[in-house]
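Below: one structure, written as structure tokens.
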Amino acid sequence: MSLLIKGGKLVNADQSIMADVYCENGLIKAIGHDLDVPSDAEVIDATGKLVMPGGIDPHTHMQLPFMGTVASEDFYSGTSAGLAGGTTMIIDFVIPSPQQPLMEAFNTWKEWASRSVADYSFHVAVTWWDESVSQDMATLVEQEGVNSFKHFMAYKNAIMAEDETLVNSFSRCLELGAMPTVHAENGELVHHLQQKMLSAGITGPEAHPQSRPPEVEGEASNRAIRIAQSIGIPLYLVHVSCKEAIDEIARAKSEGQRVYGECLAGHLELDDSVYKNPDWATAAAHVMSPPFRPKGHQEALWKALQGGTVQTTATDHCCFCEDQKAMGKDNFTQIPNGTAGVEDRLMVLWDSGVNKGRLTENEFVAVTSTNTAKIFNIYPQKGAIAVGSDADLVIWDSTKEHTLSAKTHHQKIDFNIFEGRTVKGSPWITISQGNVVFKDGKLNVVEGAGRYIKRPAFPTIFDAVEKYNEEYGPYQVER
Ligand code: DUC
Ligand code: ZN
Ligand code: ZN
């Protein structure tokens with residue numbers, strides 16, 4: 001199992017160089033010119049192409065049981081679709097139902113994910129609190145390689161974490177050296193606004209964005225950031241979608257807080273006019289939370305990504321087909337929330353980012369792969385073309401046009417939020433663990449070939465956090 005990629009331009013987050021890459025047994029073994037490789041090595045001529053670290057999508061929900069149904073994309077189809085779009089790893093979410101033990105949920109998700117064709121890892125959601133949750137968090141960090149815990153500040157009466165849970169869980173994260181992450185929307189306000197819309201007789205998808213306006217996200221972002229500040233712990237905000245949230249992150253960063261942000265390809269590109277589509281099914285297909293925002297927020301997000309206020313890009317890939325969305329035909333609050341994109345993200349980011357001069361090719365690699373690997377502590381195993389790194393690569397043809405469409409995509413969903421958009425720049429070949437798994441539009445994958453990737457706690461960051469808290473913080477920890 002050895003592979004030589006010759007003649008391409010290697011693009012890392014820090015620099016681009018002309019060099020060949022030799023991969024053996026799933027790892028990058030050598031980088032350079034005139035490499036001494038076995039005569040039976042498979043050779044790919046990448047002249048004129050870019051060779052980049054495979055994308056890492058830090059936010060997917062494969063086969064998620066949610067809002068009375070189950071997301072249609074499973075781990076097999078979802079990781080396959082990712083590979084077709086140049087994404088070689090996902091970080092999915094284990095979401096225990098209220099009162100469900102974290103370890104039980106984690107084991108269920110691991111079983112589901114064992115069908116993955118590409119590498120994967122898990123954030124685990126803390127949706128409720130008691131001593132057993134605290135103990136399971138320790139087991140997950142110390143034995144299972146989970147270094148991040150997710151908190152939904154929305155979805156009242158379901159998976160919403162109350163402030164008490166946030167405080168307890170963030171404090172526990174500090175003891176364990178793990179990163180808290182938040183879905184920042186004020187769930188009480190969302191619930192209140194939803195009821196107001198329904199009482200006014202507004203039941204269609206157009207009510208969805210009105211019940212979750214940007215201030216709802218701004219408030220929750222600020223609250224989570226301030227809780228993290230009081231506890232003295234870093235924080236990662238998922239799917240930052242609006243200027244109000246960006247402003248909170250920027251302020252906190254300027255005051256020295258370690259706050260990280262993620263934005264979605266969809267939020268960068270689409271605005272809330274999609275909810276006004278007269279066709280109910282099309283409007284409902286865009287129902288996801290946080291919703292697509294009024295015009296203007298997209299450019300603010302791009303600037304935040306360009307300037308480093310947010311560092312990663314994701315998709316929140318969570319597929320529901322038309323028959324599932326129809327569950328909310330008479331009541332928008334019952335439309336399963338979610339849109340797709342694991343296959344589309346890199347192409348959209350390249351087309352709107354690199355082709356428009358918003359991102360350099362190196363910045364593209366940073367925001368689609370390297371920054372996620374660094375923030376979630378799997379760098380340089382992932383996110384880099386370096387000797388010893390996993391041979392997860394995408395060979396990119398920056399001249400190749402591709403039309404994004406539900407008719408041709410590999411995602412298991414009957415809709416594409418980027419339908420009909422022709423992008424310039426797309427994957428020619430995707431390599432996972434040193435194997436060619438996608439070439440010229442065709443997948444060649446093996447069910448179960450994906451590996452669970454452990455992500456260790458953060459010794460260097462948390463040593464610094466501990467010293468800082470001792471010196472300046474109200475919050476001290478015994479570990
Ligand atoms: N938002 C969605 O749109 N779907 C899944 C969960 C979430 O927070
Ligand atoms: Zn979310
Ligand atoms: Zn999500």
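Both ligands and their constituent atoms are indexed starting at 1 by order of listing.
In H183, the part holding a heavy atom less than 4.0 Å from any atom of ligand 1 is the side chain. Neither the backbone nor the side chain of V287 comes within contact range of ligand 1; no heavy atom lies under 4.0 Å.
The closest protein non-hydrogen atom to atom 7 (C) of ligand 1 is Y155 OH, 3.2 Å. Considering only non-hydrogen protein atoms, atom 3 (O) of ligand 1 sits nearest to S289 N, 2.9 Å. The protein heavy atom nearest to atom 4 (N) of ligand 1 is N337 O, 2.9 Å.
In summary, the atoms of ligand 1 found under 4.0 Å from a heavy atom of C318, numbered by their order in the structure, are 4 (N), 5 (C). Near F152, meaning under 4.0 Å from one of its heavy atoms, ligand 1 places the atoms 8 (O). Near G338, the atoms of ligand 1 lying under 4.0 angstrom from a non-hydrogen atom of the residue are 3 (O), 4 (N). In the vicinity of M288, heavy-atom distances shorter than 4.0 Å reach the ligand 1 atoms 3 (O).
Contact check on E363 versus R358 returns no salt bridge, with no Lys/Arg side-chain nitrogen under 4.0 Å from an Asp/Glu carboxylate oxygen. Salt bridge annotation for K243-E299: absent, with no cationic side-chain nitrogen under 4.0 angstrom from a carboxylate oxygen.
Heavy atoms from other residues, nucleotides or ligands lying under 6.0 Å from NZ of K253 number more than 12. Few gaps surround NZ on K110; more than 12 heavy atoms of other groups in view lie less than 6.0 Å from it.
Checking H59 against the Zn ion (ligand 2), every N/O/S atom stays at or beyond the 2.8 Å cut-off. At a cut-off of 2.8 Å, C318 is not counted among the residues with an N, O or S atom near the Zn ion (ligand 3).
Looking only at its N/O/S atoms, H61 has NE2 as the one nearest to the Zn ion (ligand 3). Of all N, O or S atoms in H183, the one lying closest to the Zn ion (ligand 2) is ND1. Summary: OD1 is the N/O/S atom of D316 found nearest to the Zn ion (ligand 3).
Stacking of R212 on the aromatic ring of Y155 is recorded, both the 6.0 Å distance cut-off and the 45° axial limit being met.
In this structure, H183 has its ring center no closer than 6.0 Å to that of H151.
When each of F122, Y236, F149 is paired with F376, the ring pair (Phe, Tyr, Trp, His ring centres under 6.0 Å) condition holds for Y236 and for no other. The salt bridge (charged side-chain N to carboxylate O under 4.0 Å, His left out) test with K156 is passed by exactly one of E188, E162, E185: E188.
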Discussion item. Let's go through T203 and D330 carefully: what are the C-alpha distance in whole Å and the side-chain angles of both, what is the deciding distance for side chain to side chain donor-acceptor pair (under 3.5 Å) to 0.1 Å, and is it a yes or a no?
Written reply: CA-CA 6 Å; T203 58; D330 303 322; over 6 Å; no
